[in-house]
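Here, residue 1 is the first one in the sequence, and each next residue gets the next number. Start at 1 and go down the list; that is how both ligands and their atoms are numbered.
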Amino acid sequence: MAGSKPLSRFWEWGRNIVCVGRNYAEHAKEMGSALPAEPLFFLKPSSAYVREGSPIVRPYYCRNLHHEVELGVLIGRRAQAVPQDAAMEHVAGYALCLDMTARDTQEQCKKKGLPWTLAKGFGSSCPVSDFVPKEKIPDPHKLQIWLKVNGKLRQEGDTSSMIFSIPYLISYISHIFTLEEGDLILTGSPKGVGSVEANDEIEAGIRDVVSMRFKVVQGTEPRSLKGV
Ligand SMILES: CC(=O)CC(=O)C(=O)O
Ligand SMILES: [Mg+2]
């Protein structure tokens with residue numbers, strides 16, 4: 001049961017993972033997407049979580065797995081239709097997160113007008129760092145987030161460049177559905193997203209706060225699905 005586990009192990013709670021897309025202008029540009037007038041968001045299942053020590057598994061149907069480094073905001077208190085000026089009272093803390101994306105699958109989904117679940121919601125699509133209590137981050141809009149693949153810097157972004165601020169996102173989402181204690185909001189990726197292959201090592205961090213490492217492995221097609 002969710003309430004019996006400490007919030008610092010939020011990945012064990014089985015709560016919602018709410019992802020915001022196109023929240024950095026330069027990332028929207030590199031994807032050839034228009035800037036959103038209102039937040040775009042989608043969900044990952046809670047079984048998408050993966051922690052350091054376990055690998056990121058590239059889905060068998062994916063030929064182009066992309067990394068997206070994002071700041072995660074952990075909800076500490078139920079938020080239902082909260083105004084922006086009260087939104088931060090519902091935050092317990094933060095985590096560094098990856099929104100792993102099967103980019104080729106996503107392109108197909110976009111073309112066919114299908115949801116992004118196959119592209120964004122596969123097992124291990126949400127690697128997360130240790131929990132960082134909010135007292136350790138006086139201003140979440142003044143953080144540098146970065147990501148390296150095999151030691152080479154691929155992404156470096158400043159959370160001050162978000163199009164929609166954290167209070168705006170919490171308020172906006174909480175007017176659509178109730179955010180529960182243990183829910184995590186991924187706030188969107190800065191520019192520099194790119195491919196990873198099996199055996200690559202991803203290292204990512206929030207400068208001076210937290211970092212994490214993950215290995216990528218290739219998933220195999222389940223026998224039972226062959227020919228379906
Ligand atoms: C184009 C995307 O995949 C949107 C997204 O996830 C983002 O972080 O931006
Ligand atoms: Mg993303």
*Residues two or more places apart in sequence or in another chain: which of them pass ring-ring contact (aromatic ring centres under 6.0 Å, His included) with W116?*
F42
*Short question: side chain of N23, backbone of T187 - any donor-acceptor pair under 3.5 Å?*
yes
*With H27 as reference, evaluate S33, S161, S189, P190 under the side-chain contact (heavy atoms from CB on, under 4.5 Å) test and give the passing residue.*
S189
*Is atom NZ of K110 surrounded by more than 12 heavy atoms (other residues, nucleotides or ligands) closer than 6.0 Å?*
yes
*Is the closest basic N to carboxylate O distance between R15 and E181 below 4.0 Å?*
no
*Would you find a donor on one side and an acceptor on the other, under 3.5 Å apart, between the side chain of K191 and the backbone of E26?*
no
_Partner set under salt bridge (charged side-chain N to carboxylate O under 4.0 Å, His left out) for K120, not counting sequence neighbours_ = E68, D99
*asked:* By the definition side-chain contact (heavy atoms from CB on, under 4.5 Å), identify the one residue from N16, I170, V82 that meets it with L179.
replied: I170
*asked:* For the backbone of P127 and the side chain of R51, can you confirm whether one donor and one acceptor N or O come within less than 3.5 Å of each other?
replied: no
_Ignoring waters, how many N, O or S atoms from the protein are under 2.8 Å from the Mg ion (ligand 2)?_
3
Quick one: table the atom pairs, ligand 1 N or O against protein N or O, below 3.5 Å, distance rounded to 0.1 Å.
unit_1	atom_1	unit_2	atom_2	d
ligand 1	3 (O)	E68	OE2	3.2
ligand 1	3 (O)	R103	NH1	3.1
ligand 1	3 (O)	Q106	NE2	3.0
ligand 1	3 (O)	K120	NZ	2.7
ligand 1	6 (O)	E68	OE1	2.9
ligand 1	6 (O)	D99	OD2	2.9
ligand 1	6 (O)	K120	NZ	2.8
ligand 1	8 (O)	E68	OE1	3.0
ligand 1	8 (O)	E70	OE2	2.9
ligand 1	8 (O)	S189	N	3.0
ligand 1	9 (O)	R22	N	2.7
ligand 1	9 (O)	H27	NE2	3.2

